[in-house]
Amino acid sequence: MPPRAKICGLSTPETIDAAVRHGASHIGLMFFAPSPRHLGFADASRLSALIPGHVARVGVFVDPDDALIDQAIAAGGLTVLQLHSTAPARAAALGARTGLEIWSAVAVRERRDLDAAASYVGAADRILYDAKTPDGALLPGGMGVRFDWELLRGFAHPLPWALSGGLTADNVGAAVAATGASLVDASSGLETAPGIKDVDKIAAFLQALSHL
């Protein structure tokens, strides 16, 4: 069975349509103001209405407060919370309070970074391995940075997991072959400019996955 795919940071009806039509299992809606992919609640509601029920709606957050989470869930009809820079205890609390599936991002640059995944056992439902962004970067992800996939080869994952970081139609096959990922997450690799997704790149990415 081909890996499933989350297409993240969508902001237009056309890109939502492309992701759904070509088989994305998850669509990511960004709720982080510094990101070029950030959505206001009205836009999130409008876009969420276009996502069919069989496709998961993933809200992407960076250490969010309760008010942001509540408003985003209401606006976006979210089914998953993807948390960056969020401690395990906070992730666990959000899962208990909302009843939603929790993904916790682990930023990776070297082998020892993977050890952080174990701290989310009992706090998250899935780990998202993402590339660690440069020191001082405003964003914790979505910058087209990838890490060495060989770091994941043979790693004993403590939780279900997904692979993110610089994935494109051209490299996702190699990424899956190296890591064994059954769920991949793409964002900046499907853009023509920061925050501007390309429907052809979305289609090509999902078609490349379908052949694996």
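Please read these numbers as outputs of a predicted model, since none were measured by experiment.
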- Could you tell me whether the side chain of Ser210 and the main chain of Ala208 form a donor-acceptor pair under 3.5 Å? no
- Message: I'd like to know if Lys201 and Asp170 make a salt bridge, using a cut-off of under 4.0 Å between side-chain N and carboxylate O.
- Response: no
- Within 45° cone and under 6.0 Å: Arg146 NZ/CZ vs Trp149 ring: yes
- Task: List the atom of Ala24, the atom of Val55, and the distance in Å for their closest heavy-atom pair.
- Result: O-CG2, 3.7 Å
- Dump the intermediate steps for side chain to side chain contact (heavy atoms under 4.5 Å, CB included) on Val121 and Leu159, then the final yes or no. CA-CA 7 Å; Val121 173; Leu159 287 166; 4.2 Å; yes
- To the nearest 0.5 Å, how far apart are CG in Leu151 and CZ in Arg111? 8.0 Å
- Query: Should the pair Arg112-Asp115 be classified as a salt bridge under the 4.0 Å nitrogen-to-oxygen rule?
  - Reply: no
- Task: Would you kindly say whether Ser187 and Lys197 are connected by a side-chain donor-acceptor distance under 3.5 Å?
- Result: yes
- Output the distance between atom CH2 (Trp161) and atom CG (Leu114), rounded to the nearest 0.5 Å. 10.0 Å
- Message: In this structure, would Phe41 and Ile16 fall into the same cluster of hydrophobic residues linked by side-chain contacts under 4.5 Å?
- Response: yes
- Query: Can the ring centres of Trp103 and His26 be said to be less than 6.0 Å apart?
  - Reply: yes
- Task: Output the distance between atom CG (Leu78) and atom CD (Glu101), rounded to the nearest 0.5 Å.
- Result: 12.0 Å
- Task: Drop me the distance from Leu39's CG to Ser11's OG, to the nearest 0.5 angstrom.
- Result: 6.5 Å
- Item | Leu163 with Val108, same ILVMFWY side-chain cluster at under 4.5 Å | yes
- Message: Taking Thr12's backbone N and O only, do any of them form a donor-acceptor pair with Thr15's side chain (distance below 3.5 Å, no angle check)?
- Response: yes
- On a heavy-atom basis, the closest approach of Arg153 and Ala177 is NH1-O, 4.3 Å
- Task: Return the orientation label for the His157 and Phe155 ring planes: parallel under 30°, perpendicular over 60°, tilted otherwise.
- Result: perpendicular
- Message: Hydrophobic cluster membership, with links at side-chain heavy-atom distances under 4.5 Å among I/L/V/M/F/W/Y: are Ile27 and Ile202 in one?
- Response: yes
- Within the side chain of Asp70, is there an N or O that forms a donor-acceptor pair under 3.5 Å with the backbone of Ala67? no
- For Ser48 and Ser45, indicate whether the former's side chain and the latter's backbone hold a donor-acceptor pair under 3.5 Å. no
- Task: Given side chain to side chain contact (heavy atoms under 4.5 Å, CB included), test Phe205 with Val184 step by step and report yes or no.
- Result: CA-CA 11 Å; Phe205 182 82; Val184 296; 3.9 Å; yes
- Message: Does this structure show an ion pair linking Arg21 with Asp17, if we count only N-O contacts that are shorter than 4.0 Å?
- Response: yes
- Message: I'd like to know if the side chain of His211 reaches the main chain of Gln207, judged simply by a donor and an acceptor atom lying under 3.5 Å from each other, with no hydrogens or angles considered.
- Response: yes
- Thr86 and Pro64: which non-hydrogen atoms are nearest, and at how many Å? OG1-CD, 3.9 Å
- For Ser25 and Leu183, run side chain to side chain contact (heavy atoms under 4.5 Å, CB included): C-alpha distance rounded to whole Å, both residues' side-chain angles, the deciding distance at 0.1 Å, then the answer. CA-CA 9 Å; Ser25 59; Leu183 176 60; 4.0 Å; yes
- Heavy-atom closest pair (Ser104 atom, Ala124 atom, distance to 0.1 Å) is OG-CB, 3.5 Å
- Partner residues of Pro3 under the side chain to side chain contact (heavy atoms under 4.5 Å, CB included) criterion, sequence neighbours left out: Val176, Leu209, Leu212
- Task: State, to 0.1 Å, how close Ala105 and Tyr120 come at their nearest heavy-atom pair, and which atoms those are.
- Result: O-OH, 4.5 Å
- When you measure from the side chain of Asn171 to the backbone N and O of Thr168, does any donor-acceptor pair fall under 3.5 Å? yes
- Identify the heavy atoms of Leu128 and Ser164 that sit nearest to each other, and give their distance. CD1-CB, 3.8 Å
- Item | Charged N-O contact under 4.0 Å between Asp130 and Arg109 | no
- Query: Can you list every pair that meets ring-ring contact (aromatic ring centres under 6.0 Å, His included) and has a residue in residues 43-64, with sequence neighbours left out?
  - Reply: Phe31-Phe61
- Message: Would a single hydrophobic cluster contain both Leu50 and Val80, if residues Ile, Leu, Val, Met, Phe, Trp and Tyr are joined by side-chain heavy-atom contacts under 4.5 Å?
- Response: no
- Task: Is it possible for you to say whether Leu29 and Leu206 belong to one hydrophobic cluster, with membership spreading through side-chain heavy-atom contacts below 4.5 Å?
- Result: yes
- Task: Look at the side chain of Ser85 and the backbone N and O of Val62, then say whether any donor-acceptor pair between them is shorter than 3.5 Å.
- Result: no
- Electrostatic pair Arg37:Glu191 at N-O distance under 4.0 angstrom: yes
- Item | Leu94 side, atom CG; Leu81 side, atom CG - distance, nearest 0.5 Å | 6.5 Å
- Message: Would the distance check show the side chain of Asp125 and the main-chain N or O of Ile102 forming a donor-acceptor pair, the cut-off being under 3.5 Å?
- Response: yes
- Task: For His38 and Phe32, indicate whether the former's side chain and the latter's backbone hold a donor-acceptor pair under 3.5 Å.
- Result: yes
- Item | Option passing salt bridge (charged side-chain N to carboxylate O under 4.0 Å, His left out) with Asp185 (candidates Lys6, Arg4, Arg126) | Lys6
- Note on the structure: Value for NZ (Lys132) from OH (Tyr129), rounded to nearest 0.5 Å, stands at 14.0 Å
